[in-house]
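Since the structure comes first, as structure tokens, the remarks are kept for the end.
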Amino acid sequence: MAGNSPALPPYRRIAAQIKGRIERGELQPGDRIPSVREITRDEGVSVATATRVASVLRAEGYAETIPGIGTVARMPSKLTTGPDRLQLQRATGSGFRPGERVEIISAGMVPASSEVADALEVGEGTQVVQRRRRYLDDDGVIALSTSWLPGEMAEAAPELISTGPLPKMTFGLIEDRTGRRAIKRRDTVSIENLPGDVASLLDLDPGTPVLSMANRYWDQHGQITEYARDYMGPGRVLEADYDLQ
């Protein structure tokens, strides 16, 4: 029927099956993935098609080739960024993937630094909300994330300056209390030298170059609602999928 998505190419279908086996634990990290010969025999595909399966798995972080051993399974170190969490919150009601958890490090009012003041479009030294948390999964620290919000947000949602769990993530709480819905964001990815005040929370030395993402969010009125900066944990990567029309 016109408009239906075409079936996956055979090599992607087979790769998806193997990824499923890895995620279910049927193939453990370090286990050999099916060889080209095995895929050709079991799936009835050409050698060229079977060869592309391993390429897809490596590209998506589900396999690695070790000299002298071959291509083995691995679990990718997944990273969920602030924008990802907003999408998850709206789609599922939760901003966490299975196995993820959060530690609230601090929450309160602080004077805006020059970086934060520029991002929130307020004067340097203006009192703003700051929330700092550490996201973790079974592989360790995913990211150290700090958010800054205009100070008046604390009047509408005093939970923002408490280290207790929020009834919803920051995005949802702001929308419920103020009607300001985040509808636009800008992401900036860079390599930054790790500041001393967050280095210990990532178990790294101050000044270590790490992957960082800064996010700005605007509401339906074109006003800034939040500025955030994430410092990624060791071994984490940024990855995104896009549907190209």
Side-chain angles (χ1 to χ4, degrees), residues 80-90 94-96 101-136 141-202 204 206-208 210-233:
T80 309
T81 64
D84 294 329
R85 296 188 191 284
L86 175 57
Q87 299 282 50
L88 284 170
Q89 172 72 36
R90 289 178 174 172
S94 171
F96 299 96
R101 60 193 185 279
V102 64
E103 294 176 351
I104 307 300
I105 305 299
S106 62
M109 303 294 294
V110 301
S113 66
S114 58
E115 174 190 354
V116 172
D118 287 345
L120 293 181
E121 299 175 357
V122 299
E124 186 174 350
T126 300
Q127 290 291 302
V128 296
V129 174
Q130 177 184 280
R131 290 184 63 81
R132 176 164 289 168
R133 55 273 197 203
R134 192 165 68 158
Y135 292 101
L136 305 103
V141 180
I142 301 171
L144 189 286
S145 179
T146 307
S147 295
W148 295 269
L149 304 94
E152 63 268 19
M153 295 290 192
E155 299 176 12
E159 298 95 328
L160 290 171
I161 54 175
S162 167
T163 55
L166 297 180
K168 290 187 175 181
M169 291 187 67
T170 306
F171 308 108
L173 184 62
I174 291 171
E175 185 175 349
D176 280 356
R177 299 292 176 81
T178 69
R180 298 174 64 180
R181 179 178 174 83
I183 65 167
K184 177 186 174 182
R185 80 171 195 257
R186 177 183 299 148
D187 304 333
T188 304
V189 179
S190 58
I191 300 295
E192 301 287 340
N193 293 328
L194 197 59
D197 63 334
V198 299
S200 63
L201 296 169
L202 288 175
L204 295 172
T208 300
V210 296
L211 189 62
S212 178
M213 174 184 276
N215 314 112
R216 290 174 173 82
Y217 299 88
W218 287 265
D219 66 14
Q220 69 270 36
H221 309 296
Q223 297 178 324
I224 291 279
T225 60
E226 183 176 348
Y227 173 63
R229 180 172 287 281
D230 288 3
Y231 292 100
M232 313 311 172

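Only heavy atoms go into these numbers, but all of them, side chains included; no hydrogens, no water, no symmetry mates.
Judged by distance alone, the side chains of Arg133 and Ser106 never bring a donor and an acceptor atom under 3.5 Å apart.
Between Arg101 and Ile142 there is no side-chain heavy-atom pair separated by less than 4.5 Å. Looking at heavy atoms from C-beta onward, Gln130 lies out of side-chain contact with Ser147 at the 4.5 angstrom threshold. Two residues are said to be in side-chain contact when any heavy atoms from C-beta on lie closer than 4.5 Å; Glu175 and Arg180 fail this criterion. The shortest distance between side-chain heavy atoms of Gln220 and Trp218 does not fall below 4.5 Å. Annotation: side chain of Trp148 is not in contact with side chain of Ser113 (no heavy-atom distance under 4.5 Å). Side-chain contact between Tyr217 and Tyr227 is absent, with no heavy-atom pair separated by less than 4.5 Å. Side-chain contact between Met213 and Thr188 is absent, with no heavy-atom pair separated by less than 4.5 Å. Inter-residue side-chain proximity for Ile183 and Asp219 is flagged as unmet; no heavy-atom pair is nearer than 4.5 Å.
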Kindly indicate, with the supporting measurements, whether the criterion salt bridge (charged side-chain N to carboxylate O under 4.0 Å, His left out) is fulfilled by Arg181 and Asp176.
CA-CA 9 Å; Arg181 179 178 174 83; Asp176 280 356; over 6 Å; no

side-chain hydrogen bond (donor to acceptor under 3.5 Å, both in side chains) between Tyr135 and Glu103, intermediate numbers included
CA-CA 6 Å; Tyr135 292 101; Glu103 294 176 351; over 6 Å; no

For the pair Arg131 and Glu226, evaluate salt bridge (charged side-chain N to carboxylate O under 4.0 Å, His left out) and give the outcome as yes or no after the intermediate values.
CA-CA 11 Å; Arg131 290 184 63 81; Glu226 183 176 348; over 6 Å; no

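Among Leu120, Thr225, Thr170, the one residue that satisfies the side-chain contact (heavy atoms from CB on, under 4.5 Å) test with Leu149 is Thr170.
Counting only distance, with no hydrogens or angles, the side chain of Thr178 and the backbone of Ile174 share a donor-acceptor pair below 3.5 Å.
In terms of the side-chain hydrogen bond (donor to acceptor under 3.5 Å, both in side chains) criterion, residue partners of Ser145 (sequence neighbours excluded) are, by chain and number, Asp230.
Of all non-hydrogen atoms in Thr163 and Ala107, the two that sit nearest each other are CG2-N, 3.8 Å. Nearest approach of Ala143 to Leu202, heavy atoms of both residues: C-CD2, 4.4 Å.
By the 4.0 Å N-to-carboxylate-O rule, Arg216 lies too far from Glu121 to be salt-bridged with it.
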